[in-house]
Structure formats: C-alpha cells, structure tokens
Visitor: 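My structure is below; once you've seen it, I'll send some questions.
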Amino acid sequence: MAEITGPVRVRFAPSPTGYLHIGGVRTALFNWLFARHYGGQFILRLEDTDEKRFVQGAADDIMASLRWVGVDWDEGPDIGGPHAPYVQSERKDLGIYQRHAEQLVASGHAYKCFVNAEEEEAMRAAWAAKGERPERFRFRGPERDWSAEQVAEAEASGRPYTIRLKVPLDGATSFSDLIRGGDRITIHHADLYDLVLLKTSGMPTYHLAHLVDDHLMGITHVIRGEEWVPSAPYHILLYQAFGWELPIFAHVPNIMRQDGKGKLSKRKDDVSTNRFWERGYLPEAMFNYLALQGWSYDDKTEIMSREEIVERFTIDRVLASPARWNPEKLKDMNGIYIRSLSTAEIADRIVPYLVQAGMISESPRPEDLSYVLQLVPLIHERLEELQQAPELLAFFFQELPTYDPKLLIQKQMDAPRTLDMLRAVHAAFNTLETWTTAGLETELRTLVERFGVKPGQLFGAIRVAVSGRSVAPPLFETLAVLGRERCMARVADAAAALE
RNA sequence: GCCCCCAUAGUCUAGCGGCCUAGGACGUCACCCUUUCAAGGUGAAGAUCGCGGGUUCGAAUCCCGCUGGGGGUACCA
C-alpha cells in the first residue's frame with residue numbers, strides 16, 4: 001500500500017438528476033473523511049452534462065443533504081473557489097471541454113465521427129446478425145482511418161459529429177486501486193470501444209468532463225463507486241493521451257439493497273436522504289452508520305464521534321466487498337444517539353414534529369415549551385426516530401380517542417372489581433395532597449395493598465384509563481405531568497364505560 | 001453472451017500463516033430488573049470461514065479452478 005504523503009484533493013461530483021440517496025452520501029462521506037483525515041481539500045462539483053435527465057432543484061437538494069450529515073466542502077458551486085465554476089454546464093460554455101477534445105483530435109488520440117445514432121444502430125444490428133453469439137458490439141468508427149481530406153470534406157458538408165477516443169485495437173491497460181490492491185485489474189483493449197468524448201450537441205460526456213476537471217482542479221485521489229471500475233481503462237487511456245499524471249484510484253463498494261438483489265436504487269428503495277431527515281434520524285447517527293458501511297476501525301468499536309472517525313479513517317480499512325443496507329441497525333444506532341442527547345436537546349428537536357402534528361402552535365408559547373420539556377423524559381429512551389414523538393405523546397395533547405373498555409380489565413380481573421378500583425382511584429386523586437410523581441406512587445401503592453391485587457392489575461387499568469392504550473410511558477410520571485384535573489376526568493370516563 | 005469486481009452466522013463486520021476451541025454489533029430467543037413498553041444487565045442459539053484443488057510443518061488468511069452474488073456493456077452518470 002502506497003503511503004499517502006503530500007496534500008490530497010478529492011471531490012464528490014453528483015449529477016443533479018434527483019435526490020441524493022444514502023449510497024451517494026456514503027461515497028461523498030468517504031471522500032470527505034479522506035480529505036479531512038489527511039488535512040486535504042474536499043471539492044463539490046456538479047456534473048450536469050446530461051441535458052435529458054436534468055432535474056430542477058436537484059442540486060440544492062443534494063447540497064442540503066450533504067450539509068445535513070455534516071459533509072461540507074472547501075470549494076463548490078455555491079461557495080466558489082480557485083477553480084470556479086464548479087458546474088460543468090457552465091464550464092462547457094467556457095469552451096473547456098471542446099478545447100480539450102480538439103486537442104486530442106489534433107494529437108491523433110481522438111477523431112471526429114460522423115456516424116449518427118441511427119447508423120450506429122444499423123451497424124450494431126448487422127454485427128449481431130452475422131455473429132453466432134450475441135456478442136457486444138464494440139464500436140469503432142470508420143473515421144479512425146480517414147484522411148485529413150475526407151474529414152475536412154465531411155465537416156464542410158455540415159454533418160454533425162461526435163468526437164471519439166481512438167482506443168487502441170490491441171494490447172491491454174492495467175491499473176491499481178487503493179482498495180483492491182496493486183496492479184490487479186487488467187482490461188484488454190479488444191473489449192473496449194471508441195468512447196464518445198464530445199456529444200453532437202457540443203456537451204461533453206461524463207468521461208471527458210470529469211477527467212478534464214479532475215486534472216484542472218488538481219484532484220489527487222479519485223474515490224468513487226465501484227460501478228466505475230469497468231470504465232477506468234478509458235480514463236487511463238485518456239490521461240495518457242493528454243500526457244497527464246494519473247490520479248490514484250479507489251473504487252468503493254456499493255451498498256446493496258436489503259434483499260441483496262442489486263445495488264440501492266432511487267426508484268426501488270426508500271433511501272432518499274431527505275426521508276431519513278424527515279423521519280427524525282440524527283445526522284450524527286447517519287454519519288456514524290454510513291461510515292461503517294464498508295469501513296471499520298477495529299473488532300469492537302462502533303459508536304464514534306465525527307472527530308474520532310475523521311482521526312481513524314484510512315482508506316486501507318475500506319472493504320472491497322459490498323455492504324448491505326440494514327435499516328434495523330441504523331435505527332438502533334439512531335436510538336443510541338438519541339439517548340445520548342440531553343432533555344433540552346431532544347425537546348428542541350421534537351418541537352417541529354409536534355408542530356407538524358398540530359399539537360402545539362407554529363410559534364410555540366413558553367408554556368408549550370416547558371410542557372414539552374416535562375414530557376421528554378417520559379419518551380426519551382423509547383424513541384428510535386424523532387417522528388415517533390407525536391404518536392407517543394398524543395394523549396398529552398388531545399382528548400382520548402374511544403378505546404375498547406375491555407382494555408381496562410387486567411389479567412385475572414373482571415369488570416366489577418376494576419370498576420371498584422377505578423372509583424377508589426378517582427377518590428384518591430381527588431384527595432391527594434401533593435400531586436407529584438412520588439406522592440402518586442405512595443398513594444397508589446397503598447391502593448394496591450388495600451385491594452390485594454398485583455401492582456400491574458391496578459396500574460395497568462389506570463394506564464389505559466388515562467392514556468387509552470396498554471403501552472405507554474411510566475405511569476406515575478405520566479399522571480404527574482397530565483395533572484389532577486385531566487386524570488380525574490379520564491378515570492371517571494373509564495369507570496363510566498365499565499358501568 | 002462478453003468484460004470486470006467480490007465471497008467469514010439472517011445482516012454489518014474483526015481476522016492480513018500458528019494468538020481462532022473464529023472476536024464484536026444488529027436482529028432473534030431466554031432470564032434478571034420492572035406498573036406496560038422501552039432502556040439496562042446476564043446468557044443462548046446461529047459460521048463444515050461458498051465448494052474443490054494446491055503451496056506450507058501449519059490456511060479463514062497465499063495460489064488456481066469452480067460456483068454464487070454484484071457491477072459494466074449508452075451521444076446516462
């Protein structure tokens with residue numbers, strides 16, 4: 001493994017064709033961690049060279065997702081930098097790619113190809129017809145061997161053309177990868193085709209654009225998804241054609257779908273980064289989980305702060321084998337992070353959810369906030385996602401929905417005895433001097449003894465009476481916060497339901 | 001079809017030739033705590049280290065083959 005010395009510059013270059021899914025965030029994260037660990041720079045660049053798939057607003061959405069998990073950039077579309085602009089369509093207007101493509105044509109490494117899409121399709125069909133096996137058609141333009149006059153003539157006629165890389169017919173290209181080990185990957189040129197560098201529209205393809213930009217922007221390490229391994233030889237050929245120094249490659253494995261059938265996809269999986277944000281995943285939990293998708297520190301440590309991960313992240317501990325998306329594990333980790341926050345922090349973070357659920361007003365009053373502060377301890381360690389808060393706290397804000405009175409009757413109890421107990425509870429609530437958690441507990445335990453029942457038989461009935469459900473936060477705390485008035489009313493309602 | 005990559009329990013992983021009677025985590029199950037649910041604690045089940053050959057005194061670890069999975073095969077990225 002080559003030692004990493006000197007300044008490193010890496011980039012994440014998403015295509016604004018939709019939201020960013022967590023697999024994309026993971027790739028960005030590894031780049032970012034690499035940059036931060038080695039004290040280098042992390043650059044964000046927008047690769048919007050696909051005019052057809054462009055989605056308005058996607059770029060802002062992607063940047064918001066990255067910022068949310070804590071991935072920030074030193075240079076980028078919105079903040080600029082020494083190599084601005086960082087948006088490829090804008091760079092195209094500057095003629096950067098055109099110029100470089102022409103340069104390769106001039107040096108004989110590329111050529112203008114006048115074969116249009118329909119003609120290419122026909123050639124492909126002819127190829128398929130004559131071959132016994134449906135072998136892949138490896139396009140080589142006839143213009144490879146044209147004379148300067150022929151090219152000039154075709155150009156003069158105004159026919160549209162693409163610029164293609166003139167890939168050698170034989171030989172092979174080998175390259176090394178930081179994650180897979182040195183000089184392991186070899187691809188024969190016969191398996192390649194003449195890649196389009198510049199489209200008919202004058203827009204560069206990803207292959208040309210990313211490479212020119214990486215070079216111009218001084219990118220030292222290309223850390224990208226493993227789906228790029230097969231096209232890496234083209235990139236190497238391109239670097240060689242330009243006479244540029246190669247960056248160091250590191251192809252990180254994809255994150256596979258939960259069922260293991262393929263890599264995560266926007267269309268088939270609910271993995272939009274925004275969705276996790278909305279559901280109440282803490283960015284620090286997502287950061288931690290994602291860092292562990294393909295990277296590990298040792299045989300036991302999993303919960304680590306951003307700082308610890310930055311300090312410990314090295315590319316040689318990134319696996320070559322793909323990880324599988326495991327929402328259960330993420331949820332567990334989110335719970336750990338939620339529990340590590342203070343009451344005030346949780347209160348701050350659940351207020352928006354309560355507002356959205358209509359439980360408190362858009363601009364919460366101080367008394368709303370102090371009420372929330374009282375409620376947080378009741379659900380804090382039960383939260384796995386912040387969005388669960390409104391559901392868990394509903395009965396503190398709203399009238400009870402109608403519930404099945406049978407729920408009031410606990411194990412080995414019957415309706416008459418339950419009714420007796422509820423009436424006694426009502427009376428006790430009425431006369432209780434100190435309406436506090438401790439006072440309530442003392443009082444109710446006395447009742448348990450008086451009725452000679454198990455604690456659960458009494459407490460369970462009160463829980464249902466007061467919350468409308470059999471699973472709820474701890475009882476005495478709940479009663480304390482709910483207040484005497486509402487508790488008495490609800491117990492009275494419960495008793496009435498049993499009569 | 002062709003090309004490339006990958007392969008330790010259901011899942012994420014530790015392991016980089018002897019410390020492995022394969023360690024940790026999620027999930028599952030049991031028990032403890034306990035007013036429910038959680039959280040916490042203890043423990044259990046779960047891996048012939050995909051299969052077959054080598055190399056070696058010795059292989060989960062190195063090599064080859066096979067199988068399986070994934071990726072690529074666009075004027076998409």
Side-chain angles (χ1 to χ4, degrees), chain A residues 13-17 47-53 113 115-117 120 131-139 160-164 177 179-180 184-188 190-193 195-201 203-207 209-210 225-233 251 253-254 256 258 260-263 289 292-303 316-317 319-333 335-336 339 379-384 392 410 441 444-445 448 454-464 467 469-476:
Chain A
S15 174
T17 55
E47 307 214 323
D48 56 345
T49 53
D50 186 347
E51 299 125 303
K52 297 186 191 89
R53 291 200 302 156
C113 178
V115 175
N116 65 38
E120 189 182 336
E132 300 111 51
R133 281 193 250 140
E135 201 166 310
R136 163 88 196 120
F137 175 57
R138 316 209 183 279
F139 186 92
Y161 61 85
T162 56
I163 290 181
R164 287 180 185 267
D177 180 302
I179 292 169
R180 276 145 241 274
R184 282 269 199 74
I185 306 171
T186 297
I187 294 179
H188 297 275
D191 292 319
L192 269 26
Y193 76 107
L195 192 73
V196 171
L197 301 177
L198 206 67
K199 306 178 194 180
T200 317
S201 63
M203 190 66 95
T205 59
Y206 160 83
H207 302 287
H210 95 274
E226 67 175 334
E227 67 270 24
W228 296 106
V229 170
S231 54
H251 291 94
N254 282 132
M256 306 267 283
Q258 211 181 342
K261 300 201 183 307
K263 61 175 178 176
Y289 174 79
L292 259 16
Q293 291 295 290
W295 174 82
S296 65
Y297 174 57
D298 62 12
D299 61 337
K300 342 204 116 81
T301 318
E302 287 197 336
I303 302 300
D316 60 292
R317 289 197 64 85
L319 269 336
S321 55
R324 199 180 295 198
W325 176 236
N326 186 350
E328 287 302 311
K329 177 96 175 181
L330 203 215
K331 196 181 268 191
D332 175 71
M333 198 169 267
I336 293 172
R339 273 172 254 130
I379 59 163
H380 194 159
E381 67 185 17
R382 271 155 265 262
L383 284 176
E384 283 181 310
L392 291 171
Q410 301 300 299
E441 175 159 11
L444 293 176
R445 287 199 187 278
V448 166
K454 289 180 193 162
Q457 291 175 313
L458 203 226
F459 301 158
I462 303 174
R463 175 175 303 108
V464 174
S467 71
R469 45 173 67 183
S470 50
V471 174
L475 187 61
F476 310 122

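To find a chain, count down the sequence lines: A is the first, B the second, and so on, and within it residues start at 1.
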Visitor: Tell me what A/Lys331 touches on the nucleic acid: a base, only sugar-phosphate, or nothing, going by heavy atoms under 4.0 Å.
Guide: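 The residue A/Lys331 makes no contact with any strand.
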Visitor: May I ask you to say what A/Pro473 touches in the nucleic acid, namely base, sugar-phosphate or nothing, with a heavy-atom cut-off under 4.0 Å?
Guide: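 Contact class for A/Pro473: base.
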Visitor: NA contact type, A/Ala472, heavy-atom cut-off 4.0 Å: base, sugar-phosphate, or nothing?
Guide: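 A/Ala472: base contact, heavy atoms under 4.0 Å.
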Visitor: With the side chain of A/Lys263 defined as its heavy atoms from C-beta on, choose the nearest nucleotide among B/G72, B/C75, B/C12.
Guide: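 The closest nucleotide is B/G72.
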Visitor: Should the pair A/Glu120-A/Arg138 be classified as a salt bridge under the 4.0 Å nitrogen-to-oxygen rule?
Guide: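 A salt bridge is absent here (no side-chain N lies under 4.0 Å from a carboxylate O).
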Visitor: Within the pair A/Lys199 and B/A77, is there a side-chain N or O less than 4.0 Å away from OP1 or OP2?
Guide: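 Checking A/Lys199 against B/A77: at least one side-chain N or O falls below 4.0 Å of OP1 or OP2.
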Visitor: Side chain of A/Thr200 only, please: which of B/C4, B/C75, B/G15 is the nearest?
Guide: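 So the nucleotide nearest the side chain must be B/C75.
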Visitor: Looking at B/U35, B/A39, B/C75, which one has an atom nearest to any side-chain atom of A/Arg339?
Guide: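 Shortest atom-to-atom distance from the side chain points to B/A39.
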Visitor: Which word best sums up how the rings of A/His210 and A/Tyr206 line up, parallel for under 30°, tilted for 30 to 60°, or perpendicular for over 60°?
Guide: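 It falls in the parallel class, under 30°.
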Visitor: Does A/Lys300 have a side-chain nitrogen or oxygen under 4.0 Å from the phosphate oxygens OP1 or OP2 of B/A25?
Guide: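 No, A/Lys300 has no side-chain N/O under 4.0 Å of OP1/OP2 on B/A25.
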Visitor: Among the candidates B/C76, B/U36, B/U11, find the nucleotide nearest to the side-chain atoms of A/Arg324.
Guide: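 The answer is B/U11.
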Visitor: Across the strands shown, which category fits A/Gly262 at heavy-atom distances under 4.0 angstrom: base, sugar-phosphate, nothing?
Guide: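 Sugar-phosphate only.
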Visitor: Just by distance, do the side chain of A/Arg463 and the backbone of A/Val471 share a donor-acceptor pair under 3.5 Å?
Guide: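 No: the side chain of A/Arg463 does not pair with the backbone of A/Val471.
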Visitor: Just compare B/G72, B/C2, B/C6 and give me whichever is closest to any side-chain atom of A/Glu227.
Guide: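 Per side-chain heavy atoms of A/Glu227, the pick is B/G72.
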Visitor: Would you say B/U35 has OP1 or OP2 under 4.0 Å from some side-chain N or O of A/Arg445?
Guide: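 Answer is yes, contact under 4.0 Å.
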Visitor: A/Glu302 side chain: which of B/G70, B/U36, B/A25 is closest?
Guide: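 Nearest listed nucleotide: B/A25.
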Visitor: When we call it a touch if two heavy atoms are under 4.0 Å apart, what does A/Thr162 touch: a base, just sugar-phosphate, or nothing?
Guide: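 Base contact - A/Thr162 has a heavy atom under 4.0 Å of at least one base atom.
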